[in-house]
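The block underneath contains the structure these notes are about, expressed in structure tokens.
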Amino acid sequence: MIKDLDNLLVETYQTSPVLIDDTRLITGEEGCLCTFDIEFIKNKTKEGLFDPRKMSESVKDSIIKRLDEFSKLLQN
């Protein structure tokens, strides 16, 4: 009887045109979240607050290259 009942089980999925709830994403309640924190080392300490306008072009290019590599990995 359990097998017969299991065969009647139907999975349904719902999508809705609402904004994504960041809090639920961060806590893992819904969806999938991937974040990238860009930091630099100053006086042997990681710092996350910086002015991106002061970054050199080579550093910007390096960050873009790494993000492109990650994007390609996701597409495979």
Side-chain angles (χ1 to χ4, degrees):
M1 183 172 106
I2 292 177
K3 185 172 178 153
D4 291 334
L5 291 174
D6 190 46
N7 288 336
L8 296 175
L9 181 64
V10 176
E11 293 185 34
T12 60
Y13 300 91
Q14 178 181 351
T15 59
S16 57
V18 296
L19 293 175
I20 295 173
D21 187 338
D22 290 335
T23 305
R24 286 188 175 173
L25 277 173
I26 292 168
T27 60
E29 289 181 46
E30 89 184 14
C32 177
L33 175 68
C34 178
T35 61
F36 297 94
D37 293 330
I38 299 175
E39 300 174 330
F40 70 99
I41 298 175
K42 181 179 180 180
N43 299 326
K44 298 182 181 180
T45 305
K46 288 185 179 181
E47 302 265 342
L49 298 174
F50 62 93
D51 186 353
R53 294 173 294 187
K54 294 181 180 179
M55 290 171 41
S56 70
E57 288 301 316
S58 64
V59 170
K60 289 178 186 178
D61 290 341
S62 178
I63 292 170
I64 291 169
K65 180 181 175 188
R66 293 287 183 117
L67 291 174
D68 284 343
E69 290 171 0
F70 185 78
S71 175
K72 288 177 185 174
L73 285 173
L74 289 176
Q75 293 174 5
N76 289 332

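Just so you know, residue 1 is the first one in the sequence shown, and it goes up from there. What's counted below: heavy atoms across the whole structure, side chains too, no hydrogens, waters or symmetry copies.
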For a quick test of your reading: what N or O donor-acceptor pairs under 3.5 Å do the side chains of residues 43-53 make, sequence neighbours left out?
residue : atom : partner : partner atom : Å
T45     : OG1  : N43     : O            : 3.3
D51     : OD1  : R53     : N            : 3.1
D51     : OD1  : R53     : NE           : 3.0
D51     : OD2  : R53     : NE           : 3.4
D51     : OD2  : R53     : NH2          : 3.1

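Legend: ring pair (Phe, Tyr, Trp, His ring centres under 6.0 Å) pairs involving residues 51-76, not counting sequence neighbours, sorted by first then second residue: F36-F70.
E69 pairs by the side-chain contact (heavy atoms from CB on, under 4.5 Å) definition with K65, R66, not counting sequence neighbours. Scanning for side-chain contact (heavy atoms from CB on, under 4.5 Å) contacts around I63 gives I38, M55, V59, L67, with sequence neighbours left out.
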